[in-house]
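These notes concern the structure reproduced below.
Numbering of residues begins at 1 and proceeds along the displayed sequence.
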Amino acid sequence: MTDIDALVTGGTGFIGRWLLPELTGEGQRTAVLLRGSGNRLGELRSWVDAHGGRGDLVLGLSGDLAAPGLGLDAEDLAVARTARRIFHLGAAMSYGLAPEIAEEVNVQGSERVTALAASSPRLERLVLASGFQHRRSGRLSTNRYHDSKLDADARVRLLTQAQGIPLTTVHPGPTVGDSRTGETTQFWGWPDLVHALHRGRLPLVPGGRDHWFPLVAVDFLARFISRAPHLADTAGGQYWLLHADTPPLADLLAAVAGDLGVRAPRVHVPVPLAALGLRAGLSHWTGLPAEALVFVSNDRFPVADAQRIASALDLTEPDPIDLACTTARFLVAHDFQAPVPTRRT
């Protein structure tokens with residue numbers, strides 16, 4: 001049996017793909033929970049190699065968040081239980097997410113990962129990626145992914161407290177591309193706004209003058225997630241990871257529009273009214289679902305603890321406007337689609 005240093009759920013997802021090079025680059029043998037691991041593992045290892053990690057240290061475990069016992073057979077379960085750190089990033093993510101899938105995968109799947117952590121004798125830390133907002137989505141912009149993340153967070157905290165599992169929770173804001181290149185593998189959320197802007201189909205700014213869309217760079221986020229568990233005082237901590245200097249949405253859109261050479265919207269419309277218009281049919285013209293507006297708010301978030309830990313880890317936040325523009329340029333250059341992946345054997 002092979003012992004591992006880390007287990008990652010959601011390793012083929014956006015944040016997970018940036019986390020794996022960080023972990024394996026440190027020499028950590030890392031297992032990834034995969035549905036149909038055979039065909040996906042080669043492509044994932046190639047991706048890790050190409051992004052500065054070590055694909056040879058990535059091990060695939062065939063499983064499923066929605067299955068009892070995570071769908072692990074006895075051999076893979078034994079391997080998973082050797083992990084010192086478990087990073088739970090996996091979730092079902094889509095607009096129009098069915099409520100039963102949100103519950104089965106995102107909420108009950110998180111409970112299953114917590115049960116695995118409780119049965120892992122070498123475990124030093126469970127890291128949970130949660131939502132960043134304090135409140136559930138509104139009726140006009142219902143986002144079951146967002147709401148299920150809040151439910152999962154509450155259940156995991158209760159379970160870990162009851163069982164004495166050391167938990168670190170990260171609350172990423174809307175995650176965008178790599179701060180150096182703009183590269184992303186996620187094409188919803190911020191990309192929806194950029195796509196509508198680039199096509200000239202974002203005539204209004206959702207929200208008031210103090211509303212914002214707080215960004216976080218995926219590379220900054222991955223470094224924080226990989227390194228924070230090495231600090232003893234992050235056990236039990238909750239960290240809101242978003243770039244607090246992100247300007248109001250109108251200013252952010254104006255900066256991106258200027259960089260792309262398109263017209264920026266200037267007139268504001270309240271978020272509920274914007275959501276109502278999108279649900280009434282404007283989403284077909286803009287390409288912007290009403291659910292995307294769940295990430296637009298005038299709330300502020302407790303980022304001081306995350307900033308303190310980032311400083312201790314020698315992490316520097318990128319400039320939010322540069323980040324937004326760099327990501328937008330990548331999206332436009334790739335026609336808002338994922339590049340064709342390569343695969344190694």
Among Asp178, Asp219, Thr184, side chain to side chain donor-acceptor pair (under 3.5 Å) partner for Trp18: Asp178

query: Taking C-beta and beyond as the side chain, do Leu70 and Leu61 meet within less than 4.5 Å on heavy atoms?
result: no

Leu44 side chain near Arg17 side chain, heavy-atom distance below 4.5 Å: yes

field: Residues, nucleotides or ligands: over 12 heavy atoms within 6.0 Å of Arg209 CZ
entry: no

query: Has the side chain of Asp5 got a donor or acceptor atom that lies under 3.5 Å from a matching backbone atom of Arg29?
result: yes

message: Evaluate Val194 against Thr327 for side chain to side chain contact (heavy atoms under 4.5 Å, CB included), listing each step before the verdict.
response: CA-CA 9 Å; Val194 175; Thr327 299; over 6 Å; no

field: Minimum heavy-atom distance Pro206-Val271, with the two atoms named
entry: C-CG2, 4.2 Å

query: Any side-chain heavy-atom pair from Asp245 and Glu317 closer than 4.5 angstrom?
result: no

statement: Which of Arg84, Arg85, Glu22, Arg54 passes side chain to side chain contact (heavy atoms under 4.5 Å, CB included) with Gln28? Answer is Arg85

query: In Å, rounded to the nearest 0.5 Å, how long is the span from CG of Leu241 to OG of Ser130?
result: 11.5 Å

- line: Smallest heavy-atom separation, Ala83 atom then Ile86 atom, equals CB-CG1, 4.1 Å

task: Indicate yes or no: at least one non-hydrogen side-chain atom of His198 is less than 4.5 angstrom from one of Leu331.
output: no

- prompt: Do Val156 and Val107 share a hydrophobic cluster (ILVMFWY, side-chain heavy atoms under 4.5 Å, transitive)?
  reply: no

- request: For Trp240 and Ala306, indicate whether the former's side chain and the latter's backbone hold a donor-acceptor pair under 3.5 Å.
  value: no

query: Do you know which two heavy atoms are closest between Ser179 and Thr326, and how far apart they sit?
result: O-CG2, 4.3 Å

field: Common cluster, Val105/Leu159, ILVMFWY with side-chain heavy-atom separation under 4.5 Å
entry: no

task: For the residue pair Thr181 and Phe330, establish whether any side-chain heavy-atom pair is separated by less than 4.5 Å.
output: no

query: Does one hydrophobic cluster hold both Trp285 and Leu193, with members joined at side-chain heavy-atom distances below 4.5 Å?
result: no

query: Would a distance-only check, ignoring hydrogens and angles, find a side-chain to backbone donor-acceptor pair under 3.5 Å from Arg45 to Val58?
result: yes

Non-hydrogen side-chain atoms of Leu231 and Leu313 separated by less than 4.5 Å: yes

task: Would you please test Thr175 and Val218 for side chain to side chain contact (heavy atoms under 4.5 Å, CB included) and show each step?
output: CA-CA 6 Å; Thr175 307; Val218 67; 3.7 Å; yes

- prompt: Does Arg300 count as lying over the ring of Trp212, i.e. NZ or CZ under 6.0 Å from the six-ring centre, within 45 degrees of the axis?
  reply: yes

- prompt: Is a side-chain N or O of His243 found less than 3.5 angstrom from the main chain of Pro318, in a donor-acceptor match?
  reply: no

message: Using modelled atom types and a 3.5 Å cut-off, is there a donor and acceptor pairing between side-chain atoms of Thr234 and backbone atoms of Ala228?
response: yes

- prompt: Has the side chain of His211 got a donor or acceptor atom that lies under 3.5 Å from a matching backbone atom of Gly208?
  reply: yes

query: Distance from Arg112 atom CZ to Leu33 atom CG, nearest 0.5 Å?
result: 11.5 Å

message: Show the nearest heavy-atom pair for residues Val205 and Pro265, with the distance to one decimal.
response: CG2-O, 3.6 Å

task: Could you grab the distance from atom CG of Leu253 to atom CG of Leu204, nearest 0.5 Å is fine?
output: 11.5 Å

Test item: Ser46 side-chain N/O and Gly42 main-chain N/O as donor-acceptor pair under 3.5 Å: yes

field: Among Leu282, Leu278, Leu197, the one residue meeting side chain to side chain contact (heavy atoms under 4.5 Å, CB included) with Leu288
entry: Leu278

- line: In short, Ala255 meets Cys325 closest at the heavy-atom pair O-SG, 3.8 Å

message: Distance check, rounded to the nearest 0.5 Å: Leu242 atom CG versus Phe295 atom CZ?
response: 12.5 Å

field: More than 12 heavy atoms from other groups under 6.0 Å of CZ on Arg263
entry: no

query: Got a second to check how far Arg223's CZ is from Thr316's OG1, nearest 0.5 Å?
result: 9.5 Å

task: Measure the shortest side-chain to side-chain distance between Phe87 and Thr30 over non-hydrogen atoms and say whether it is less than 4.5 angstrom.
output: no

task: Give a yes-or-no answer on whether the side chains of Thr12 and Arg40 include a donor-acceptor pair shorter than 3.5 Å.
output: yes

task: Take His195 and Asp192 through the test side chain to side chain contact (heavy atoms under 4.5 Å, CB included) and record every step on the way to the result.
output: CA-CA 5 Å; His195 198 193; Asp192 290 316; 5.8 Å; no

Shortest non-hydrogen contact from Ala80 toward Leu72: CB-CD1, 4.2 Å

message: Under 4.5 Å between side-chain heavy atoms, counting indirect links through other Ile/Leu/Val/Met/Phe/Trp/Tyr residues: same cluster for Leu126 and Leu158 or not?
response: no

- request: Decide side chain to side chain contact (heavy atoms under 4.5 Å, CB included) for His88 and Ser110; before the verdict, give the C-alpha distance in whole Å, the side-chain angles of both, and the deciding distance to 0.1 Å.
  value: CA-CA 8 Å; His88 180 36; Ser110 296; 2.9 Å; yes

- request: Can you measure from CG (Asp153) to NE2 (His171) and round to the nearest 0.5 angstrom?
  value: 5.0 Å

message: Are the side chains of His230 and Glu26 in contact, using a 4.5 Å heavy-atom criterion?
response: yes

Lys149 side chain vs Ala129 backbone, donor-acceptor pair below 3.5 Å: yes

message: Under a 3.5 Å distance rule, please check whether Asp64 uses its side chain to pair with a backbone N or O of Ala66 as donor and acceptor.
response: yes

Asp210 side chain vs Asn298 backbone, donor-acceptor pair below 3.5 Å: no

